[in-house]
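Notes follow once the structure below has been shown.
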Amino acid sequence: MAASSKTPSKGKKPKKKGSAAKVILGVIIAALLALICAMSIYLVVYLNGLKILTANIDKLDDALGASVIYDADKQEIAKVIKENRENVKFDQFPKQLVDAFVATEDRRFFEHAGVDFWSLGRAVVKDVIARSAVEGGSTITQQLAKNVFLNSDKTFFRKGTEMSIALAIDNKYTKNEILEKYLNRIYFGSQAYGVKAAAIRYFGVSDLNQLQLWQIATLAGLPKAPSKYSPISDPEASKDRRGVVLKLMADQGLITEEERAQAAAVDYDPKTQTPVAQSNLFPSFRDYVIKEAYDLYGVTDEQISNGGYKIYTTLNSTAQKAMDKAYTNAKLFQPDGPEQPMQSSMVIIDNASGGIVAMTGGRDYKSGTWNRAYKPRQPGSSFKPLVVYAPAIEKKGYLPTSMLDDTKQEFGKYAPRNYDGQYLGQVDMTYAIKKSKNIPAVWTLSKIGINTGKDFAKQLGITFDENDNNLAMALGGMTKGESPLQMAQAYAAFANNGVYNQGHAILRIEKSDGTAIDYKAEPKKVMSEKTSWYMTQMMREVVSSGGTGIRADFGRPLAGKTGSTQLDLKGLESHYRDIWFVGYTPQWTGAVWAGFDKTDSKHYIRKNYSDRANMVFSAVMAEAMKGIPVKDFERPSGGKQIEQEKPPVQEKKSVTDLRAGWQNSGVRLSWTAAEGTSAYQVFRKGPGETDFSQLTPSNSTEYMDQTVQPGGTYEYYVVPANGDAAGVQSNVASVNVPGTEPTPPPSNPDDNNNGENGNGNNNGIGNGNGNGNGNGNNNGNGNGHNNGNGNGNGNGNPGKDKDKDKDKKPGNTGGGTGNGGSTGGSTGGTVSPTPTPTPSEPAGSGTTGSRDGDLQPNNG
């Protein structure tokens, strides 16, 4: 009988005894090995950090040494060092101050051992996703360690070293001691080191227990970016950052919602600041260098202040001294308002490289304060070349001789106007730029398209808000505006054959360890040489006789553009909020802004000071460019001569003998017909009106206006309707409607810089006001009757010293000569049109300053 055998059941595997135990044992062994490795790594890291900390223990309390800033000739212009610091013991910090910093910078500060591995892991994941070290994940202890290690590079090696020092610091010091060192050491901007110095600098508070919640939150928001969030240099950004801190505190139960809302609503009062002593040359440029070091290279203010760096820059000291000198000359600016002075800022850029040659952030600028050189303001008509005319030439084939529409019109709901109320029917592009006419600019942008204009300007470094999407942009109507720095670097591309360079101040940063960071230029071709040449040729007309920028001329080849924004306060619409001049020579481009930090009914640019930006530019550039060889603009090389191709010129019909007279119950207009024209547009300006308005069109050579009011003076002109295009504006005729004469408006004692020539009225009595340099009142009275043969050359009387100069010199004799009497014939009191005053005459010689006359921003 065969031996029986058992075979395993089908589908079943024999059990392996002990396999589960082996897996568990393997896991335990692996965990032990991992723990041993982790402990070994931790020990190595800790010992490394301890070694570094021991070697640099004094750096927790003392600076390494000053960093030095050099100009383009490698001459020292400034030292950056911790000069304004006051240490405070931990028990002097109010609890709410400690809460604010911990809530903002390191929520788990009292729980971790110097490194928050949870936050660090999250940061590493983001770094891996971004494929670069973009996230910090730094604790307060790590920030303190980074200041000791002094390396701004965002690398994993640097991060590991920072962590090792942080672990050693946390092991050596208590949490309170770490916070004390942190709050006494970190930089708070505006030359304040440590929280007490910052409280004094920003709020004038030396006892930290007297700080209010909104002040504490403002301070707690500063370490992230001291220059950016300083309440002195940027109150709006500081307030926004304060709101973030307060929300963090509320979310963590440290303050109530009511306390948060109240503290978030407070506005910073700059009068509470405590000035610091000035110890360096050129504070505006120095502050910008520190800002650029962080923005472009990640080198913090703190690292510069105690890192012993050498920073080489693009500054031309001669040009900077010329700028600083001009900005102390009160004669170049409007007299101060009751509460604030007229302010201004300027930037000069090297066309070929984009290097910042000179910069000022304002009159009497103090380090760490509001640097207006890179703060946006409405650019007015200085924006036209960037968003209208250059893109029209580059993208749509326009030419300097292209005819543009200059008839009064509306673009949808947007109704721009020319500043002088004059509409010529059609003008060429060159004339439109020279006279800064608004209608042709808006009309051209409407034809080329808003996106075409914006896309071109973006290539020049111009930034737009999402709401900047309307035709008002043609006149500089923007949500935020542009800064002198942005405008200068954009215009420099015109002088550089269409090549754009980013404006920059730093050429090289040498660190204390011998490593260096060099600026890498990235020039970009943004327009053809043909476009840049055409723009230069047209903008040279702006600074020539009859142009709006003639006062900017300083005797060298120059091209540029004026700009202004109209005041939007009732009754003051003829004055200004901002004025600009942006101009360039073949070597340098300069941009000047002037205005008031806060514009109101007491602080605005009066119309007779509208040329101050031009004057500042001329004064600075004339002195700054001494010793620089005079060069002329050159046609683009390597190609055919660029000739201005003239398109067919349309024949423009005109009326030259418009007459106006009172007849029965209305004003009767009559004129000689323009050949080939049977329809006319009639325009009128009445008493108290600043602009002409269109009346009902006429199909004959006569017009009867019966809508006038008694006792007022009315002015009229007509424009032939020449088919689809309008003709040329006629002469202006005026008439006095019988009745009580309106009371002449009182003279404004503040409008005392440029007198206007008197214009003869139809009754033959002319008044001329000529104010010589703001010091004289001269009234010339002409005699005459309705036959228009009055004579009226009145001589100016000796002036009175209106502005009460401190030098107590007597007022100058008034320089204006009144032109009295009508020069019209005996045709019912008709007068000749008032000649347009030339802007080339100096202040006090009988002409008003040139008015660029842009509309209010974003009203379309």
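We number each residue from 1, following the sequence as shown.
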Checklist entry - Roughly how far, to the nearest 0.5 Å, is CG of Asp468 from OG1 of Thr479? => result 4.0 Å
Item to check | Pairwise distance CD(Glu541) to NZ(Lys435) - rounded to 0.5 angstrom | outcome: 10.5 Å
Checklist entry - Going through the distances and angles, do Phe633 and Trp533 end up as a side chain to side chain contact (heavy atoms under 4.5 Å, CB included)? => result CA-CA 9 Å; Phe633 294 104; Trp533 173 250; 4.2 Å; yes
Next on the checklist: Can you confirm whether more than 12 heavy atoms, excluding those of Lys321, are under 6.0 Å from its NZ atom?
Outcome noted: no
Next on the checklist: Under the rule for ring pair (Phe, Tyr, Trp, His ring centres under 6.0 Å), what residues qualify as partners of Phe683, not counting sequence neighbours?
Outcome noted: Tyr717
Checklist entry - Could you give the distance from CD (Glu482) to CD (Gln378), rounded to the nearest 0.5 Å? => result 9.5 Å
Item to check | Ala373 versus Pro484, closest heavy-atom pair with distance | outcome: O-CD, 3.4 Å
Checklist entry - So, for Phe596 and Ile605, which heavy atoms are closest and what is the spacing to 0.1 Å? => result CE1-N, 4.2 Å
Checklist entry - Is it true that the side chains of Asn371 and Ser284 contain a donor and an acceptor less than 3.5 Å apart? => result no
Next on the checklist: Show, in sequence, the C-alpha distance, side-chain angles and deciding distance for Lys561 and Val582, and conclude whether the side chain to side chain contact (heavy atoms under 4.5 Å, CB included) test is met.
Outcome noted: CA-CA 6 Å; Lys561 185 69 187 72; Val582 188; 5.7 Å; no
Checklist outcome for this item: Separation between CD1 (Ile439) and CG (Asp406), nearest 0.5 Å, reads 7.0 Å
Next on the checklist: Any side-chain to backbone donor/acceptor pair from Gln426 onto Val728? Under 3.5 Å, distance only.
Outcome noted: no
Checklist entry - Got a donor-acceptor contact below 3.5 angstrom from the Thr314 side chain to the Ile356 backbone? => result yes
Item to check | Heavy-atom pair with the smallest gap, counting every atom of Thr536 and Ala559 | outcome: O-CB, 3.7 Å
Item to check | Within-4.5 Å side-chain heavy-atom neighbours: Arg612 and Arg551 | outcome: no
Checklist entry - Listed by chain and number, what are the ring pair (Phe, Tyr, Trp, His ring centres under 6.0 Å) partners of Phe554, not counting sequence neighbours? => result none
Checklist entry - Are any of the side-chain heavy atoms of Met323 and Ile348 separated by less than 4.5 Å? => result yes
Checklist entry - Are any non-hydrogen side-chain atoms of Gln587 and Ile628 less than 4.5 angstrom apart? => result yes
Side-chain donor-acceptor pairs of residues 332-340 under 3.5 Å, sequence neighbours excluded:
| residue | atom | partner | partner atom | Å |
| --- | --- | --- | --- | --- |
| Gln334 | OE1 | Arg606 | N | 2.9 |
| Gln334 | NE2 | Tyr604 | O | 2.9 |
| Gln340 | OE1 | Lys598 | N | 3.4 |
| Gln340 | NE2 | Lys598 | O | 2.7 |

Checklist outcome for this item: Given the options Tyr365, Phe282, Tyr374, Tyr288 meets ring pair (Phe, Tyr, Trp, His ring centres under 6.0 Å) only with Tyr374
Item to check | 4.5 Å side-chain heavy-atom contact, Phe581 and Met615 | outcome: no
Checklist entry - Would you say the side-chain atoms of Tyr327 and Ser344 include a donor-acceptor pair closer than 3.5 Å? => result yes
Checklist entry - Below 4.5 Å, heavy atoms only, C-beta onward: do Phe383 and Leu475 meet side chain to side chain? => result no
Checklist entry - Do side-chain atoms of Asn316 reach the backbone of Thr318 as a donor and acceptor pair under 3.5 angstrom? => result yes
Next on the checklist: Main chain of Gly571, side chain of Glu573: is a donor-acceptor contact present, judged purely on distance under 3.5 Å?
Outcome noted: yes
Next on the checklist: If you apply the rule side chain to side chain contact (heavy atoms under 4.5 Å, CB included), what do you find for Phe456 with Val387, and how did you get there?
Outcome noted: CA-CA 7 Å; Phe456 182 88; Val387 77; over 6 Å; no
Next on the checklist: Could you walk me through whether Ser734 and Glu715 satisfy the side-chain hydrogen bond (donor to acceptor under 3.5 Å, both in side chains) test, starting with their C-alpha distance in whole Å, then the side-chain angles of each, then the deciding distance to 0.1 Å, before giving a yes or no?
Outcome noted: CA-CA 4 Å; Ser734 63; Glu715 296 178 272; 5.6 Å; no
Checklist entry - Quick one: does Leu404's side chain get under 4.5 Å of Tyr389's, heavy atoms only? => result yes
Item to check | Ser345 and Lys375: side chain donor to acceptor below 3.5 Å | outcome: no
Item to check | Modelled atom types, side-chain donor and acceptor of Asp428 and Thr401, under 3.5 Å | outcome: no
Checklist entry - Say you draw a straight line from CG of Leu569 to NZ of Lys602; how long is it, rounded to the nearest 0.5 Å? => result 13.0 Å
Item to check | Between Asn501 and Ser353: side-chain donor-acceptor atoms closer than 3.5 Å | outcome: no
Item to check | Donor-acceptor contact below 3.5 Å, side chain His504 vs main chain Gln502 | outcome: yes
Next on the checklist: Please tell me whether Ser381 and Ser436 have a donor and an acceptor in their side chains that are separated by less than 3.5 angstrom.
Outcome noted: yes
Item to check | Side-chain donor or acceptor of Thr565 paired with backbone N/O of Asp578 under 3.5 Å | outcome: yes
Next on the checklist: For a 4.5 angstrom cut-off between non-hydrogen side-chain atoms, does Met625 reach Trp588?
Outcome noted: yes
Next on the checklist: Could you report the tightest heavy-atom contact between Thr444 and Ala392, atom names first, then the distance?
Outcome noted: CG2-CB, 4.0 Å
Item to check | Test side-chain hydrogen bond (donor to acceptor under 3.5 Å, both in side chains) applied to Gln489 and Tyr500, step by step | outcome: CA-CA 7 Å; Gln489 66 188 16; Tyr500 170 81; 3.2 Å; yes
Item to check | Closest non-hydrogen atom pair, Trp580 against Met487 | outcome: CZ3-CG, 3.8 Å
Item to check | Asn497: which of Lys530, Met527, Glu529, Arg635 passes side chain to side chain contact (heavy atoms under 4.5 Å, CB included) | outcome: Glu529
Checklist entry - Any idea which heavy atoms bring Ala326 and Ala619 closest together, and the distance? => result CB-CB, 4.5 Å
Checklist entry - Quick one: does Asn418's side chain have a donor or acceptor within less than 3.5 Å of a partner on Leu424's backbone? => result no
Item to check | Side-chain donor or acceptor of Gln729 paired with backbone N/O of Tyr423 under 3.5 Å | outcome: yes
Next on the checklist: To the nearest 0.5 Å, what is the distance between CD on Gln422 and NZ on Lys408?
Outcome noted: 11.0 Å
Checklist entry - Would Asp632 and Arg540 satisfy salt bridge (charged side-chain N to carboxylate O under 4.0 Å, His left out), going step by step from the backbone distance to the final call? => result CA-CA 11 Å; Asp632 200 355; Arg540 293 191 75 167; 3.2 Å; yes
Checklist entry - Are side-chain heavy atoms of Lys366 and Pro283 found at a separation under 4.5 Å? => result no
Checklist entry - Sub-3.5 Å donor-acceptor pair from the side chain of Gln486 to the main-chain atoms of Ser483, do we have one? => result yes
Item to check | Derivation of the ring-ring contact (aromatic ring centres under 6.0 Å, His included) call for Phe494 and Tyr491 | outcome: CA-CA 6 Å; Phe494 294 133; Tyr491 268 68; 5.6 Å; yes
Item to check | Worked check of side chain to side chain contact (heavy atoms under 4.5 Å, CB included) between Thr562 and Asn614 | outcome: CA-CA 8 Å; Thr562 53; Asn614 300 351; 3.6 Å; yes
Next on the checklist: Treating Arg577 as the side-chain partner and Gln566 as the backbone partner, does any N or O pair qualify as donor plus acceptor under 3.5 Å?
Outcome noted: no
